[in-house]
Amino acid sequence: MHSMDYSKLDQEAARELVKGKKVAVMGYKKSAIDLALECAEVNQGPDGQPCTMVVRTLHWTVPSYWIWGLPFFLFYSTRSSQFLHERPNQSFLKALFCLFSSPMRNVVSKFIESYLLWKLPLVKYGLKPEHPFLEDYASCQMAILPENFFPEADKGNLKFKRASKWWFYDGGVEFEDNTRLEADVVLLATGYEGKKKLQSVLPEPFRSLMLDSSGTMPLYRGTIHPLIPNMAFVGFIESVSNLQTAELRCKWLSRVVENKFKLPSVKEMLDQISREMEVMKRTTRFYKRHCISTFSINHSDEICEEMGWKSWRKSNWLSEAFSPYNSRDYNEEKED
């Protein structure tokens, strides 16, 4: 059963599905973690069965938004912290600064990793990723770990199995190392191809134009496909704060519809998208998720400038440099 189908069950039906059953959860992202913990909590007591998470790709998880006593936003969500990271349309001097600030970016990532390895038993359970924390943050794959996740693992209610390939057999799941996992219920928290669902809605020739040669969906300002007219996609491209970014994009889109400003040419929009993708490719191996988290403030700046708004929204330079942005910072400006 896919996690989307599981989420449609009411609480009692979901409980009955996994109670007293050998459950395998395929995946190790947000939905998989929540599902595995729910199964473990339902299967308490002598009649309960442990839930096994089958992990193909490890990702960093965070227990809270505090790192060594410091708020997490200081590391990636302020204008000063994002100044260390590459962004589209940056000047030569800014590109040079980013080149020389690479060691500082690595220090920040290692600093966070050191806390996570101290706080969580990642090494004990073989769950320490090989890639830097920055790569997960830059691809919007950082999950907040429930407080009682590893305590359930310590009690034996959660188990972990690393496997890159697996398939079903009559009694459960078999792996490429010829081992088998008995399972009464297998929950697939492996994600889904949202792009294919969108493609199915569109007629040709637009269906064929939706994805570029790398398989990503090119969206200008995260909203408009330059080659598909009269259609917008809000919320498809992720950021560190999806609701805030989607709200600002909606304001931008409403002004596009009202002809408050003129969009660039198709070529200029595609070039801008290409520059964003190149930044992401140089930042994370998971770039196909198309996430703007390391340059989200710059992304919002460009949207504001295109609408004729001030890009710096704070009341003073100290807040501008060291405070995170939120939806209140992008309140409507009075227009003539």
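Every heavy atom of this structure was used, including side-chain atoms; hydrogens, water molecules and symmetry mates were not.
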Notebook entry, point to check: With sequence neighbours excluded, what pairs up with His2 under the side-chain hydrogen bond (donor to acceptor under 3.5 Å, both in side chains) test?
Noted result: none
Checklist line | Ser101 and Arg105: side chain donor to acceptor below 3.5 Å | finding: yes
Notebook entry, point to check: Would Glu302 and Arg221 pass as an ion pair if we require N to O under 4.0 Å?
Noted result: yes
Check: Could you give the distance from CZ (Arg180) to CG (Asp170), rounded to the nearest 0.5 Å?
Finding: 8.0 Å
Note to self: Restricting to side chain to side chain contact (heavy atoms under 4.5 Å, CB included), what partner residues turn up for Val256, sequence neighbours left out?
What the structure shows: Ile224, Trp252, Phe261, Leu263
Check: By side-chain hydrogen bond (donor to acceptor under 3.5 Å, both in side chains), which residues pair with Tyr325, not counting sequence neighbours?
Finding: Arg79, Glu320
Item checked: Basic-acidic side-chain contact under 4.0 Å: Arg275, Glu278 -> no
Item checked: Partners passing side chain to side chain contact (heavy atoms under 4.5 Å, CB included) against Thr57 (at least two apart in sequence or in another chain) -> His59, Phe286
Next item on the list: Under the salt bridge (charged side-chain N to carboxylate O under 4.0 Å, His left out) rule, collect the residues that match up with Asp34, sequence neighbours excluded.
Entry: none
Next item on the list: Flag this pair as yes if the NZ/CZ of Lys94 is under 6.0 angstrom from the six-membered ring centre of Phe83 and inside a 45 degree cone about the axis; otherwise no.
Entry: yes
Notebook entry, point to check: By side chain to side chain contact (heavy atoms under 4.5 Å, CB included), which residues pair with Ala36, not counting sequence neighbours?
Noted result: Val25, Cys51, Met53, Leu158
Notebook entry, point to check: Quick one: side chain to side chain contact (heavy atoms under 4.5 Å, CB included) partners of Leu227, sequence neighbours excluded?
Noted result: Leu209, His225, Val266, Leu270
Check: Which is it for Asp177 and Lys161 under the salt bridge (charged side-chain N to carboxylate O under 4.0 Å, His left out) test, yes or no, and what are the steps along the way?
Finding: CA-CA 11 Å; Asp177 61 359; Lys161 167 71 178 179; 3.0 Å; yes
Margin query: Run the side chain to side chain contact (heavy atoms under 4.5 Å, CB included) test on Ile112 and Tyr76 for me, step by step, so that the C-alpha distance in whole Å, both residues' side-chain angles and the decisive distance to 0.1 Å come before the verdict.
Written below: CA-CA 11 Å; Ile112 295 172; Tyr76 291 113; 3.5 Å; yes
Note to self: Please give the remaining members of the hydrophobic cluster of Phe322, linking ILVMFWY side chains under 4.5 Å, ordered by chain and number.
What the structure shows: Trp317, Leu318
Notebook entry, point to check: Listed by chain and number, what are the side-chain hydrogen bond (donor to acceptor under 3.5 Å, both in side chains) partners of Gln244, not counting sequence neighbours?
Noted result: none
Check: How does the hydrophobic cluster around Val173 look, that is, which other residues are in it when side-chain heavy atoms under 4.5 Å mark a link?
Finding: Met26, Val54, Trp166, Phe168, Phe175, Leu181, Val186, Leu188
Next item on the list: Quick one: closest heavy-atom pair of Phe73 and Ser81, and the distance?
Entry: O-OG, 4.3 Å
Notebook entry, point to check: What orientation do Phe72 and Phe133 show, parallel under 30°, tilted 30 to 60°, or perpendicular over 60°?
Noted result: perpendicular
Margin query: Other members of the hydrophobic cluster containing Trp66, with the 4.5 Å side-chain heavy-atom rule, please.
Written below: none
Next item on the list: Measure the CE-CD distance between Met277 and Gln272 for me, rounded to the nearest 0.5 Å.
Entry: 12.5 Å
Next item on the list: Taking side-chain hydrogen bond (donor to acceptor under 3.5 Å, both in side chains) as the test, write out the residues that go with Lys124, two or more places apart.
Entry: Asp154
Note to self: Do the side chains of Lys110 and Glu113 get close enough for a salt bridge, i.e. N-O under 4.0 angstrom?
What the structure shows: yes
Note to self: Using side-chain heavy atoms (C-beta onward) and a distance below 4.5 Å, is Arg313 in contact with Ser300?
What the structure shows: no
Item checked: Evaluation steps, side chain to side chain contact (heavy atoms under 4.5 Å, CB included), between Arg255 and Trp309 -> CA-CA 12 Å; Arg255 284 158 176 76; Trp309 291 8; 3.6 Å; yes
Next item on the list: For Thr179 and Glu174, test the side chains for any donor-to-acceptor distance below 3.5 angstrom and give the result as yes or no.
Entry: no
